[in-house]
Number of protein chains: 2
Amino acid sequence: MNVILKSHIKCNQCPIRHRAICSRCDEDEMAMLESMKSYRTYASGDVILWRGEPLEFVASVVSGVATLTKTMEDGRTQMVGLMLPSAFIGRPGRKVIDFDVTATDDVTLCCFDRVKFEKLIDDTPHVAQRLMELALDELDAARDWMVLLGRKTAREKIATFIELLSRHSSMNNDDHTKNIDLHMTRDQISDYLGLTLETVSRQFTALKKDGIIDFSDRRHFVVKDLAALHDETGDDADGGIVA
Amino acid sequence: MNVILKSHIKCNQCPIRHRAICSRCDEDEMAMLESMKSYRTYASGDVILWRGEPLEFVASVVSGVATLTKTMEDGRTQMVGLMLPSAFIGRPGRKVIDFDVTATDDVTLCCFDRVKFEKLIDDTPHVAQRLMELALDELDAARDWMVLLGRKTAREKIATFIELLSRHSSMNNDDHTKNIDLHMTRDQISDYLGLTLETVSRQFTALKKDGIIDFSDRRHFVVKDLAALHDETGDDADGGIVA
DNA sequence: CGTTCCCTTGACTAGAGTCAAGCAAGGTGG
DNA sequence: CCACCTTGCTTGACTCTAGTCAAGGGAACG
């Protein structure tokens with residue numbers, strides 16, 4: 001469950017120091033942030049924020065993965081964002097958010113009181129600049145995802161998703177033959193890709209039958225043919241659409 | 001075709017003065033922007049920027065509507081943004097953009113040299129702050145659109161689209177019974193909604209048969225039953241998902 | 001007046017959704 | 001330690017929505 005901790009990691013030892021909203025800050029600005037921050041941790045599956053709930057804090061993801069989801073009245077759900085470490089949750093100037101934020105892993109957040117943070121932005125241009133960059137990056141990602149949701153087939157969606165995991169995994173570990181962790185259930189993947197869980201399952205099976213991937217267990221797989229995988233994504237040869 | 005004009009509208013008479021990237025600027029900052037800007041105009045249908053083309057300028061939409069589209073190798077196209085007056089095109093820190101920008105109406109842009117603008121952002125916090133807000137607004141819109149693309153039925157997509165036009169039109173003109181201009185062809189609408197043009201046409205016909213809308217000609221319609229229209233969007237009663 | 005563009009409509013198809021049954025792994029309690 | 005349950009996943013059979021292919025209408029324009 002949700003635990004609030006006083007800040008105990010020094011900012012200059014923080015794993016997301018170079019990528020988060022603070023990345024452009026100088027020493028004085030860092031000292032200011034350091035005095036304001038507090039950490040919260042959430043267990044896998046915890047809801048971090050409910051849609052419509054008043055937004056008391058904004059936060060950077062320090063470790064773990066959180067998802068943003070929107071649910072329609074009848075229960076249809078669409079994931080609208082995947083928040084990896086260094087991503088920023090919440091927005092200055094808005095008192096509520098209109099999606100649910102959920103921890104898919106154990107998550108640690110570096111939190112700031114929303115009202116104080118809004119004042120900080122006016123005084124600290126480096127934070128606004130970095131927040132602008134992060135928002136524009138998110139926007140690029142959202143636009144790529146719109147192509148996937150609006151135009152790709154189920155097979156292309158799954159191939160794109162696997163390629164994404166594979167690229168992300170090889171950033172941390174350059175052995176391409178290593179098992180990759182799916183992190184999510186079939187149900188969560190279907191919400192991410194705009195499919196049903198049955199279709200996700202069938203497409204995994206199909207890609208396995210075609211020798212493109214192989215599952216060691218339900219949650220871990222190996223990409224056996226990276227080029228063939230890419231051919232199934234619908235993106236062009238140089239990865240253009242993802243750019 | 002594309003015409004470049006020296007700036008001739010004074011910023012303090014500009015129609016988007018209060019909403020564009022300059023909205024937070026003081027007099028000195030405005031003078032700076034005024035000296036840098038130039039206008040470009042495009043005719044309906046002109047391509048403003050091709051995907052992959054080096055990005056020489058960034059710009060605000062002053063009048064008219066531009067679209068951002070991504071096209072897959074085999075021609076499948078998805079619109080990923082609709083740029084209305086005050087929207088900002090281009091992003092500091094990126095030399096190319098990975099979508100096409102097209103004028104759907106006659107469009108006037110207020111342009112700034114990209115490199116100069118990037119320097120400006122470092123010196124003018126009010127611009128970075130506003131750009132952050134605009135990016136976050138775009139992000140919210142993109143996330144709503146992801147729900148539409150991933151989870152809504154054809155009928156819900158069309159109803160949402162019509163409601164969007166209707167809301168936008170009543171902002172400028174509060175007579176709800178007035179003809180609303182579609183602005184786009186069926187083909188462009190289908191690219192916006194992730195459908196085919198035939199499905200768009202059929203859903204228009206269906207909504208007309210059900211007495212919810214009525215077409216005066218191919219491009220102009222009236223909403224006859226706003227409540228019934230909303231019921232078809234799939235969004236909840238208070239418009240929650242759009243929030 | 002013919003051509004082009006845009007749109008509508010019909011007939012058919014296919015891809016993904018729905019409903020349902022059952023399996024496997026892991027956890028729990030007797 | 002075994003029986004039982006739960007959760008997550010797979011698979012099959014069937015349905016249905018939206019896509020595809022094709023024909024034709026009507027307005028606009030040269």
Side-chain angles (χ1 to χ4, degrees), chain A residues 43-45 67 72 74-78 102 104-105 147-162 181-210 213-221 232 234, chain B residues 43-45 72 74-78 102 104-105 147-162 179 181-210 213-221 232 234:
Chain A
S44 177
T67 62
M72 295 171 65
D74 60 3
R76 281 175 285 174
T77 300
Q78 178 63 53
T102 312
T104 45
D105 277 328
V147 177
L148 177 142
L149 293 173
R151 292 304 185 193
K152 288 192 177 180
T153 64
R155 179 175 251 248
E156 288 170 339
K157 288 176 175 182
I158 294 288
T160 305
F161 174 68
I162 291 178
D181 191 341
L182 222 42
H183 286 292
M184 303 186 227
T185 65
R186 303 293 187 267
D187 193 50
Q188 290 173 315
I189 296 168
S190 71
D191 285 343
Y192 195 26
L193 300 175
L195 297 170
T196 57
L197 73 92
E198 292 93 332
T199 299
V200 170
S201 176
R202 281 189 246 271
Q203 295 299 333
F204 277 151
T205 306
L207 288 176
K208 183 179 166 181
K209 274 202 184 111
D210 293 344
I213 56 172
D214 204 14
F215 281 88
S216 53
D217 65 44
R218 293 169 165 198
R219 296 290 272 267
H220 298 268
F221 67 94
E232 300 292 344
Chain B
S44 176
M72 294 170 66
D74 60 4
R76 280 175 286 174
T77 299
Q78 178 63 53
T102 310
T104 45
D105 277 328
V147 177
L148 178 141
L149 293 173
R151 292 302 185 194
K152 288 193 176 179
T153 65
R155 178 172 249 244
E156 288 170 340
K157 287 177 175 183
I158 294 289
T160 305
F161 175 68
I162 291 178
N179 262 7
D181 191 342
L182 222 42
H183 287 292
M184 303 186 226
T185 65
R186 303 291 187 270
D187 194 50
Q188 290 173 315
I189 296 167
S190 71
D191 286 343
Y192 195 26
L193 301 174
L195 297 169
T196 58
L197 71 94
E198 292 94 332
T199 299
V200 171
S201 177
R202 282 189 245 270
Q203 295 299 333
F204 277 150
T205 305
L207 287 177
K208 182 180 166 181
K209 274 201 184 111
D210 293 345
I213 56 172
D214 205 12
F215 281 88
S216 52
D217 65 43
R218 293 171 165 197
R219 296 290 274 265
H220 299 266
F221 67 94
E232 299 292 343

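So that the names make sense, note that chain A is the first sequence line, chain B the second, and so on, each numbered from 1. On a predicted model such as this, the values are computed, not experimentally measured, just so you know.
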| query | Relative to the ring of B:Phe204, is the ring of B:Phe215 parallel (under 30°), tilted (30 to 60°) or perpendicular (over 60°)? | reply | perpendicular
| query | If you look only at pairs with a residue in residues 192-208 of chain A, which of them pass as a salt bridge (charged side-chain N to carboxylate O under 4.0 Å, His left out), with sequence neighbours excluded? | reply | none
| request: Check the distance between C:dG17's P and B:Lys152's NZ and give it to me in whole angstrom. | output: 17 Å
| query | Among all residues two or more places apart in sequence or in another chain, which pass the side-chain hydrogen bond (donor to acceptor under 3.5 Å, both in side chains) test with A:Thr77? | reply | A:Thr71
| message | Tell me the interatomic distance from B:Arg76, atom CZ, to D:dA18, atom P, rounded to whole angstroms. | response | 18 Å
| Between the two ends of the helix from C:dC1-D:dG30 to C:dG30-D:dC1, what is the bend in degrees, rounded to 10 degrees, where each end axis spans five pairs? | 30°
| task | Send over the distance from A:Leu193 CG to C:dG17 P, rounded to a whole Å. | result | 11 Å
| said: Among residues at least two apart in sequence or on other chains, which ones pass side-chain contact (heavy atoms from CB on, under 4.5 Å) with A:Thr153? | reply: A:Arg155, A:Glu156, B:Arg76
| Whole Å only: how far is the CZ atom of A:Arg151 from the C1' atom of D:dA18? | 11 Å
| message | Can you pull out every side chain to side chain donor-acceptor pair (under 3.5 Å) where at least one residue sits in residues 185-194 of chain A? Sequence neighbours excluded, please. | response | A:Asp191-B:Arg151
| In B/S/- notation, 5' to 3', how is nucleotides 7-13 of chain D contacted by protein heavy atoms closer than 4.0 Å? | -BSBBBB
| query | By side-chain hydrogen bond (donor to acceptor under 3.5 Å, both in side chains), which residues pair with B:Thr199, not counting sequence neighbours? | reply | B:Thr196
| Rounded distance (Å) that lies between atom C1' of C:dG17 and atom CD of A:Gln78 | 15 Å
| query | Quick one: B:Gln188 CD to C:dC6 P, roughly how many Å, whole number? | reply | 9 Å
| message | Donor-acceptor check, side chain of B:Ser201 to backbone of B:Leu197, threshold 3.5 angstrom: yes or no? | response | no
| task | Identify, with sequence neighbours excluded, every residue that meets side-chain contact (heavy atoms from CB on, under 4.5 Å) alongside A:His183. | result | A:Asp105, A:Asp181
| request: Let me know the distance between CG of B:Leu195 and P of C:dC7, rounded to the nearest Å. | output: 15 Å
